[in-house]
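Notes to accompany the following structure.
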Number of protein chains: 2
Amino acid sequence: MCKRFHLKRKTTILDIARELKTAPSTVSRALNGNRRISEETRKEVARVAKRLGYMRNHFASSLRSGKSNVIGVVVPFTDSSFFSSIIRGVEDIVNREGYNVMICQSHDIYEREVKCVEALLEAGVAAIAISVSSEVGNYKHIEKASELGMPLILFDRVVEELDTYSVMIDDYRGAYEAVTHLVSMGYRKVALFIGNREINIFRERYRGYKEAMAHHNLSWNEDYILEVDSSVEAGEAAAKKLLELSDPPDAILSSSDFSALGAMQFLQNRVNIPEEIGIIGFSNEPFTGYVSPSLSTVDQQSQKMGEVVGRSFIELQGENLKQSYPVKTLLRPELIIRESTRRI
Amino acid sequence: MCKRFHLKRKTTILDIARELKTAPSTVSRALNGNRRISEETRKEVARVAKRLGYMRNHFASSLRSGKSNVIGVVVPFTDSSFFSSIIRGVEDIVNREGYNVMICQSHDIYEREVKCVEALLEAGVAAIAISVSSEVGNYKHIEKASELGMPLILFDRVVEELDTYSVMIDDYRGAYEAVTHLVSMGYRKVALFIGNREINIFRERYRGYKEAMAHHNLSWNEDYILEVDSSVEAGEAAAKKLLELSDPPDAILSSSDFSALGAMQFLQNRVNIPEEIGIIGFSNEPFTGYVSPSLSTVDQQSQKMGEVVGRSFIELQGENLKQSYPVKTLLRPELIIRESTRRI
DNA sequence: TTTTCAAGTGGAAACGTTTGCACAAACATA
DNA sequence: TATGTTTGTGCAAACGTTTCCACTTGAAAA
């Protein structure tokens with residue numbers, strides 16, 4: 001008699017074995033598609049399993065086999081268009097291979113990121129995909145996970161020193177192409193809104209900007225390079241600063257759509273966009289297509305990035321402990337040209 | 001000798017017990033805060049556990065105890081501002097109680113929703129929170145989960161027939177207050193963009209609209225009620241239809257910010273907003289504050305909704321099988337008044 | 001003194017799988 | 001005939017916890 005009578009006693013492989021007068025090991029093998037089981041028994045087992053409403057107990061399975069069907073994902077936030085699209089991409093891919101996704105938010109705080117990684121390690125996930133927080137910290141937690149044998153996939157905000165799978169966007173190229181586009185539209189004096197250059201993505205965009213400018217034989221003013229964080233207010237303030245220069249720029253490349261929007265809102269009543277000044281952002285946030293003038297931007301392929309993370313994971317599972325070289329994927333950004341830079 | 005020598009052998013409670021010359025049962029109790037363990041042993045155990053880098057094996061723990069520390073969440077998509085904010089809310093709450101969140105996307109497809117629920121059941125989550133897909137289907141999968149003893153929390157798109165915990169927004173009130181606001185601004189002929197009224201949220205908004213109109217002694221034209229789905233294009237088309245009426249409305253209440261935007265874009269060059277026509281949307285999508293004129297809307301408290309889902313879950317765990325009445329939470333929407341309806 | 005009780009601990013059996021090993025039967029090879 | 005090989009199955013031991021039960025103590029109650 002089942003003591004916890006209020007809960008349905010789940011059917012186990014023992015029940016199936018008993019029904020078929022066979023051994024649980026046979027049932028297990030049949031259900032797992034082991035090829036040493038005859039087609040006949042396999043079908044029988046499947047039939048009885050279905051009839052009894054059998055569901056595999058993943059706890060027992062994972063405990064015994066040491067394998068899990070869950071992949072952990074650590075992001076700064078889930079409610080940001082960029083990261084939520086990535087999550088969608090990962091989920092779309094791994095689901096169809098029978099894996100589930102566990103989410104953990106770091107809130108862009110180092111300490112919480114460490115907690116997330118620990119929680120996922122404890123939860124026994126099959127791998128951890130992580131975009132590191134922008135707060136400065138060390139990477140002990142990631143190294144520790146790696147040493148424990150946990151497969152890792154870093155995406156977007158990557159720590160290049162670590163020898164893991166990684167998926168990034170080619171930020172260098174994104175910035176380079178954005179500048180090239182501006183130049184092709186006749187802009188010459190391009191300003192840059194950039195984030196903390198200790199972080200790989202901003203470092204690369206800065207490099208792309210510089211090299212593109214040099215390539216087009218354009219010099220730039222140090223006053224044109226502004227450290228601006230990703231907010232509408234910061235963009236407004238930065239645009240104000242630019243307008244006050246004795247020789248103001250005729251275009252802005254912003255590392256964030258939000259600060260680009262801020263700049264646009266500040267400039268709107270003062271100069272003509274795109275005739276007198278062009279603005280291009282970064283990320284292709286959903287709103288960029290709806291504001292007016294619509295905002296040109298560099299699309300970061302977030303859903304695609306998620307899909308690549310998912311595929312990297314699948315690949316990595318297949319490899320099964322075989323020590324092989326970690327794959328680094330570099331995604332190609334896409335320039336989205338809209339009204340804010342289209343002067344014909 | 002450990003056979004899988006390439007993987008660190010994890011330390012278990014047995015290792016701790018051996019070290020302290022005590023029994024694994026004691027260690028287990030000490031780690032779980034059982035009060036029949038002396039303070040002294042508890043501390044000893046904690047010390048050794050830390051020194052050996054012990055991590056609880058959740059598979060073994062869950063297998064034995066039948067309890068899980070994972071909560072499953074089913075949403076149509078993760079990359080929509082509304083649902084990703086909900087996820088954030090849930091995560092924020094349950095994390096600090098030591099729970100993790102597993103995500104599954106139904107893509108708003110009935111069949112996939114069923115798959116999601118099955119996957120989460122198999123994964124042995126402690127509870128399932130779900131916003132049902134808008135595709136018509138039956139609720140067998142939800143009833144089945146319920147019968148198996150799985151605690152359920154429905155949110156936003158709720159199936160009212162089911163006797164479960166639920167968290168919804170007061171859509172009736174949202175629509176009612178939106179209409180009242182329009183009337184207070186002097187608008188009289190209010191049109192309504194609405195989704196499929198078989199779904200609770202739209203049914204309620206429709207009701208709110210009707211009652212508010214009646215309350216203000218305003219009659220409305222059947223031509224003013226348009227079934228419009230949540231897209232910019234549908235909004236444009238609907239606005240066009242309205243303008244072609246012999247007696248066009250002077251305000252639009254849209255069930256979606258996207259169709260409100262579409263309408264706004266279509267109307268912008270033809271009539272003055274908000275002087276000649278007022279527009280108000282639903283959801284408070286991030287872009288609504290950035291477009292011009294900025295779009296008034298009804299905020300749906302998505303993050304709050306997630307937090308309430310999380311808290312309901314915690315509460316529900318505490319109850320521990322005690323049969324009690326499921327709590328239904330109704331959140332209060334917030335009217336966000338912006339330029340698109342502010343005529344002074 | 002004996003009995004009762006509480007506090008703290010240990011022993012051992014679960015939980016439901018997977019898997020190494022053994023084995024039987026049937027069949028092919030020498 | 002003897003020897004190997006293949007195919008399918010069963011036995012039993014894990015995996016790392018939790019938890020029921022029993023057992024020591026030492027102290028309080030009778």
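Letters A, B, ... are given to chains in the order of the sequence lines, protein chains preceding strands, and every chain is numbered from 1.
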Can a side-chain donor-acceptor contact be found between B:T41 and B:S38 if the only test is distance below 3.5 angstrom? yes
Would you say B:N32 places a side-chain N or O within less than 4.0 Å of OP1 or OP2 belonging to D:dT18? yes
Just checking A:T22: base, sugar-phosphate only, or nothing, at a heavy-atom cut-off of under 4.0 Å? sugar-phosphate
Heavy-atom donor-acceptor pair, A:R64 side-chain to C:dT18 base, under 3.5 Å: yes
Does A:E147 come within less than 4.0 Å of A:K144, counting only side-chain N to carboxylate O? no
Upstream residue (5' side of DNA chain C) when B:L63 and B:A23 are each assigned their closest nucleotide: B:A23
Heavy atoms under 4.0 Å, any strand shown: does A:R29 hit a base, just sugar-phosphate, or nothing? base
Could you give the CG-to-C1' distance, from A:L20 to D:dG8, as a whole number of Å? 15 Å
Is B:R36 close enough to C:dA6 that one of its side-chain N or O atoms is under 4.0 Å from OP1 or OP2 there? no
Atom CG of A:L14 and atom C1' of D:dC11: how far apart are they, to the nearest Å? 13 Å
Applying side chain to side chain contact (heavy atoms under 4.5 Å, CB included), run through A:T26 and A:R36 and close with a yes or a no. CA-CA 10 Å; A:T26 304; A:R36 303 196 50 156; over 6 Å; no
So, does B:T41 get its side chain near the phosphate of C:dT9, meaning an N or O under 4.0 Å from OP1 or OP2? yes
Which part of the nucleic acid, if any, lies within reach of A:S25 when heavy atoms closer than 4.0 Å are counted: base, sugar-phosphate only, or nothing? base
A:E111, CD: over 12 other non-hydrogen atoms inside 6.0 angstrom: no
When we call it a touch if two heavy atoms are under 4.0 Å apart, what does A:S62 touch: a base, just sugar-phosphate, or nothing? nothing
Sub-3.5 Å donor-acceptor pair from the side chain of B:T22 to the main-chain atoms of B:A17, do we have one? no
Within the structure shown, what part of the strands sits under 4.0 Å from A:S28 by heavy-atom distance: base, sugar-phosphate, or nothing? base
Can you tell me if A:S61 touches the phosphate of C:dG16, counting only side-chain N or O atoms and a distance under 4.0 Å to OP1 or OP2? no
Closest to side chain of B:S38, choosing from C:dG10, C:dG8, D:dG16: C:dG8
Treating A:S85 as the side-chain partner and B:D79 as the backbone partner, does any N or O pair qualify as donor plus acceptor under 3.5 Å? no
Mind calculating the distance between CE (B:M55) and P (D:dG16) to the nearest angstrom? 14 Å
Report the distance from atom CD of B:E39 to atom P of C:dA7, rounded to the nearest whole Å. 15 Å
In whole angstroms, how far is the P atom of D:dT9 from the CZ atom of A:R35? 16 Å
Rounded to whole Å, please give me the gap between CD1 in A:I13 and C1' in C:dT18. 8 Å
Of the listed nucleotides C:dT17, D:dT9, C:dT18, the one nearest the side chain of A:S65: C:dT18
In whole Å, what is the span from the CZ atom of A:R56 to the C1' atom of C:dG16? 11 Å
Could you tell me how far apart A:I16 (CD1) and C:dT18 (P) are, to the nearest whole angstrom? 11 Å
